[in-house]
Number of protein chains: 2
Amino acid sequence: MTKAKIQSKSGATANTKATCKVRSPCPIAKTLDLLGDKWTLLVLRDVLVFGAATYSEFAKSTERIPSNLLSDRLTRLVSEGFLEKQSYQTKPPRYKYIATTKGRAIRPIISAMKKFGDDNL
Amino acid sequence: MTKAKIQSKSGATANTKATCKVRSPCPIAKTLDLLGDKWTLLVLRDVLVFGAATYSEFAKSTERIPSNLLSDRLTRLVSEGFLEKQSYQTKPPRYKYIATTKGRAIRPIISAMKKFGDDNL
DNA sequence: GCCACTAACTTGCAATAATAAAGTTACTAC
DNA sequence: GTAGTAACTTTATTATTGCAAGTTAGTGGC
């Protein structure tokens with residue numbers, strides 16, 4: 001060991017917003033509390049539309065999400081039940097993220113956004 | 001005039017993000033560039049679902065948007081063609097914001113979010 | 001005329017989140 | 001043992017948000 005810096009695995013970085021705050025009982029507001037930012041839905045798009053599964057596949061996506069935000073959004077999507085993290089290989093440790101039933105349920109939102117964008121932007 | 005502080009009408013506050021930046025040609029990403037934050041779609045929801053029209057009606061909404069953000073989002077939605085600002089009375093100056101055709105086009109997105117929220121949250 | 005009140009905003013500032021760039025860990029292949 | 005890749009972290013800087021208070025323009029009461 002050249003550096004001796006074991007350090008806790010759970011060290012969260014700057015981007016760990018309080019996902020527990022509920023603004024209102026409105027289903028639209030509750031949905032926005034989970035997905036209402038610039039990156040979360042793009043990660044879900046990569047999974048559901050483009051078939052991305054690994055960290056590096058998300059990172060290669062055209063919008064170039066910063067690596068710490070990708071890490072944060074993946075962690076969040078897993079903890080909220082949209083994605084599941086699976087280890088598919090241990091000997092280099094490799095992971096893939098797959099959509100859960102709840103994750104696939106946002107597909108209509110993405111479709112609606114795609115149609116809006118195609119028609120109006 | 002008790003204070004003599006005319007000051008320019010165009011003084012933009014802190015919240016004036018660069019709405020011109022285009023991350024990618026993807027219609028979903030372009031839609032998120034416009035609507036991808038916690039408040040913009042709620043303002044549009046207030047217009048399209050709850051029939052809100054005036055500044056104070058938006059401000060009274062259950063999620064309690066800060067007034068500077070409401071001001072910023074209304075300005076932005078008007079400048080991007082989602083809403084139109086109409087003066088309906090001059091003698092107290094009063095305004096109402098109404099959805100344009102483009103504004104009404106985001107209705108399917110809101111409906112999809114409502115359904116997702118009702119089914120999953 | 002003066003005071004209270006409402007609508008529609010602005011301004012200032014601390015707190016929070018986003019961005020960019022560099023660093024880390026755990027391997028494989030040459 | 002040097003280079004390279006995947007999957008992350010860390011640090012430092014910049015931008016956005018949230019809150020409180022202030023402003024402008026006008027109405028109604030006394």
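Computation of the quantities below employed the complete heavy-atom set of this structure, encompassing side-chain atoms and omitting hydrogens, waters and symmetry-equivalent molecules. Every chain is numbered from 1, with letters handed out A, B, ... down the list of sequences.
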Report the distance from atom [atom1] of [X] to atom [atom2] of [N], rounded to the nearest whole Å.
| X | N | atom1 | atom2 | result |
| --- | --- | --- | --- | --- |
| Ile65(B) | dG18(D) | CD1 | P | 8 Å |
| Lys38(A) | dA17(C) | NZ | C1' | 13 Å |
| Glu63(A) | dA20(C) | CD | P | 13 Å |
| Leu69(A) | dT9(D) | CG | P | 13 Å |
| Leu70(B) | dG18(D) | CG | P | 12 Å |
| Arg64(B) | dG18(D) | CZ | C1' | 13 Å |
| Trp39(A) | dA17(C) | CH2 | P | 17 Å |
| Asn68(A) | dA20(C) | CG | C1' | 9 Å |

(Q) Quick one about Ser61(B) and Arg45(B) (side-chain donor to acceptor, distance below 3.5 Å, no hydrogens or angles considered), yes or no? (A) yes

Q: Answer yes if the side chains of Asp37(A) and Thr40(A) hold a donor-acceptor pair under 3.5 Å, and no otherwise.
A: yes

Q. Among residues 44-59 of chain A, which residues get a heavy atom nearer than 4.0 Å to DNA chain C?
A. none

Q | Near-strand residues of residues 85-95 of chain B, defined as heavy-atom separation under 4.0 angstrom from DNA chain D | A | Lys91(B), Pro92(B), Pro93(B)

(Q) For the backbone of Pro93(B) and the side chain of Thr90(B), can you confirm whether one donor and one acceptor N or O come within less than 3.5 Å of each other? (A) no

**Q.** Main-chain N/O of Ala29(A) paired with Ser24(A) side-chain donor or acceptor, under 3.5 Å
**A.** no

Q.
Which residues pass the side-chain contact (heavy atoms from CB on, under 4.5 Å) test with Pro108(B), not counting sequence neighbours?
A. Ala112(A)

Q | Salt-bridge contact Lys102(B)-Glu84(B) (side-chain N to carboxylate O under 4.0 Å) | A | no

Q: Among the candidates dA20(D), dT9(D), dG18(D), find the nucleotide nearest to the side-chain atoms of Pro66(B).
A: dG18(D)

**Q.** Phosphate OP1/OP2 of dG18(D) contacted by Arg23(A) side-chain N/O (<4.0 Å)
**A.** no

Q. Is Leu70(B) reachable from Tyr95(B) through a run of I, L, V, M, F, W or Y residues, each pair having side-chain heavy atoms under 4.5 Å apart?
A. no

Q) Between atom CZ of Phe50(B) and atom SG of Cys26(A), what is the distance when rounded to the nearest 0.5 Å? A) 5.0 Å

**Q.** Closest non-hydrogen atom pair between Met113(B) and Thr31(A), with its separation
**A.** O-OG1, 3.2 Å

